[in-house]
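Some notes on the structure that comes next.
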Amino acid sequence: GADQVAQITRNPFNGASVLPKIMHLRDHEPDHFQRTTRVLVGAQDFIIFRLTGQAVTDPTTAATTGMYNFEAGCWASEWLTTLGLSHISLPHLYEAGDCVGQVTTAAAEMTGLDHGLSVFCGLGDAAATTLGAGVTDSSQSYAYLGTSAWVATLANTFHTGPSPLFLLPCTQAEWHIRIGPISNAGSVHRWAVHLLGKDDEAQGYAAMESLVSSTATDAEVLFLPYLSAERLPVSTEKPQGSFLGLSL
């Protein structure tokens with residue numbers, strides 16, 4: 001049930017989560033599902049697996065899969081049995097920076113890395129950015145702008161507001177990262193630049209910046225940038241971006 005999932009994972013749960021994707025594989029690609037014995041949940045985890053043969057991930061990456069017990073700090077592995085996924089093996093959980101293995105002979109030949117070189121567990125992008133931004137307590141927050149974007153801070157109490165914010169574990173047990181990510185950010189900027197009709201993308205961005213800096217802000221005009229499926233503040237699969245408050 002949705003309430004139990006929310007209570008255990010402390011995170012939004014939808015089709016973007018890893019668990020529903022495994023269930024989709026079970027229901028719609030049974031041949032592939034039967035051949036699947038191990039699931040990796042992050043890009044860095046795949047690289048580590050190819051380098052060392054070890055299937056691992058960190059808690060911050062695990063937290064948004066839809067099957068991580070947030071307060072217990074472990075997989076909600078009993079769900080796999082309940083859902084008929086018991087033959088699936090989930091990656092072992094390590095803290096970022098833990099040594100998880102060494103470069104194998106085959107990986108050394110493929111990459112040119114030294115055989116036996118130590119390999120360390122990675123870290124999810126939002127957690128790494130929070131660390132890099134130097135946020136150390138709940139009095140600080142930061143905004144990240146890229147293709148997607150988010151605003152994040154640290155918290156020591158669980159979020160109870162209407163917006164389904166994501167929570168990511170910290171190495172400091174009493175804290176967690178409270179984060180509101182959106183999918184439509186830099187991608188919308190790029191879309192707006194393309195409307196200028198510039199063949200050269202760099203010239204397009206320069207022209208856009210010039211227009212923005214020379215134009216007065218109109219507080220009555222609001223742009224809702226839902227140009228592709230969005231997760232926050234309202235989750236939607238149907239893009240419906242819009243301008244509000246337009247006039248001649």
Side-chain angles (χ1 to χ4, degrees), residues 9 11 16-26 29 31-70 72-81 85-136 142 144 146-150 152 154 166-173 175-177 179 181 183 186:
T9 67
N11 274 293
S17 307
V18 175
L19 180 57
K21 292 177 181 177
I22 300 174
M23 295 170 65
H24 182 92
L25 194 69
R26 177 198 65 188
E29 300 182 46
D31 292 341
H32 290 156
F33 174 73
Q34 290 301 326
R35 297 204 308 270
T36 300
T37 58
R38 179 183 289 110
V39 170
L40 301 173
V41 297
Q44 75 273 14
D45 306 334
F46 177 74
I47 294 172
I48 290 173
F49 179 73
R50 293 300 302 272
L51 289 176
T52 68
Q54 301 299 315
V56 306
T57 196
D58 69 289
T60 60
T61 303
T64 58
T65 60
M67 48 188 170
Y68 179 77
N69 187 320
F70 196 95
C74 62
W75 294 114
S77 52
E78 66 276 8
W79 291 357
L80 298 184
T81 301
L85 311 175
S86 56
H87 75 289
I88 300 287
S89 174
L90 298 176
H92 297 289
L93 293 169
Y94 285 89
E95 295 293 339
D98 287 348
C99 182
V100 296
Q102 287 75 40
V103 174
T104 65
T105 301
E109 292 175 354
M110 183 182 297
T111 64
L113 296 172
D114 292 337
H115 171 251
L117 186 69
S118 294
V119 178
F120 297 84
C121 187
L123 185 61
D125 56 356
T129 306
T130 304
L131 181 66
V135 174
T136 58
Y142 72 95
Y144 168 83
T147 303
S148 63
W150 62 75
L154 294 184
F166 286 83
L167 305 183
L168 305 175
C170 288
T171 52
Q172 298 169 281
W175 293 99
H176 59 263
I177 300 168
I179 177 171
S183 301

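- Once rounded to the nearest 0.5 Å, the distance linking OG1 of T111 with CG of L117 reads 8.5 Å.
- Taking all atoms of both residues into account, the shortest heavy-atom contact from A127 to I177 is CA-CD1, 3.7 Å.
- Counting all heavy atoms, side chain and backbone alike, A126 lies closest to I179 at CB-CD1, 3.5 Å.
- Using a 4.5 Å heavy-atom threshold, the side chains of T52 and V103 count as separate.
- Within 6.0 Å of the CZ atom in R50, the count of heavy atoms belonging to other residues, nucleotides or ligands does not exceed 12.
- One finds the OG1 atom of T104 at 7.5 Å from the CG atom of L51 (value rounded to the nearest 0.5 Å).
- Across all non-hydrogen atoms, the minimal contact from C121 to I48 is CA-CD1, 4.0 Å.
- You'll find the side chain of Q44 reaches within 4.5 Å of the side chain of T61, heavy atoms only.
- Note: W150 and Y142 have perpendicular aromatic rings, judged against thresholds of 30 and 60 degrees for the angle between ring planes.
- Without hydrogens or angle criteria, H87 side chain to R35 main chain gives no donor-acceptor distance under 3.5 Å.
- Between atom CG of residue L85 and atom CZ of residue F33 there is a gap of 5.0 Å, rounded to the nearest 0.5 Å.
- Residues T37 and S89 fail the side-chain proximity criterion, which asks for heavy atoms closer than 4.5 Å.
- Formation of a donor-acceptor pair under 3.5 Å by the S17 side chain with backbone atoms of P20 is not found in this model.
- Atom CG of L19 and atom OH of Y68 lie 16.0 Å apart (nearest 0.5 Å).
- N11 and T64 share no donor-acceptor pair across their side chains, judged by distance under 3.5 Å alone.
- In this structure, the side chain of W75 engages the main chain of P91 through a donor-acceptor pair within 3.5 Å.
- Nearest heavy atoms, T60 versus G124: OG1-N, 3.4 Å.
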Item to complete: Just do the side chain to side chain contact (heavy atoms under 4.5 Å, CB included) check on D125 and Y144 with the steps written out, would you?
Response: CA-CA 11 Å; D125 56 356; Y144 168 83; over 6 Å; no
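- When all heavy atoms are compared, the tightest approach of L167 to A63 is O-CB, 3.8 Å.
- Distance check, rounded to the nearest 0.5 Å: CD of E109 to NE2 of H115 gives 9.5 Å.
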Discussion item. Pair L90, L80 - check side chain to side chain contact (heavy atoms under 4.5 Å, CB included), show working.
Written reply: CA-CA 10 Å; L90 298 176; L80 298 184; 3.7 Å; yes
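- Side-chain contact between P169 and H176 is absent, with no heavy atoms from C-beta onward closer than 4.5 Å.
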Worksheet item: side chain to side chain contact (heavy atoms under 4.5 Å, CB included) between L154 and T130: does it pass, once the steps are laid out?
Response: CA-CA 9 Å; L154 294 184; T130 304; 4.2 Å; yes
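- For the atom pair OH of Y94 and CG of D58, the computed distance is 13.0 Å after rounding to the nearest 0.5 Å.
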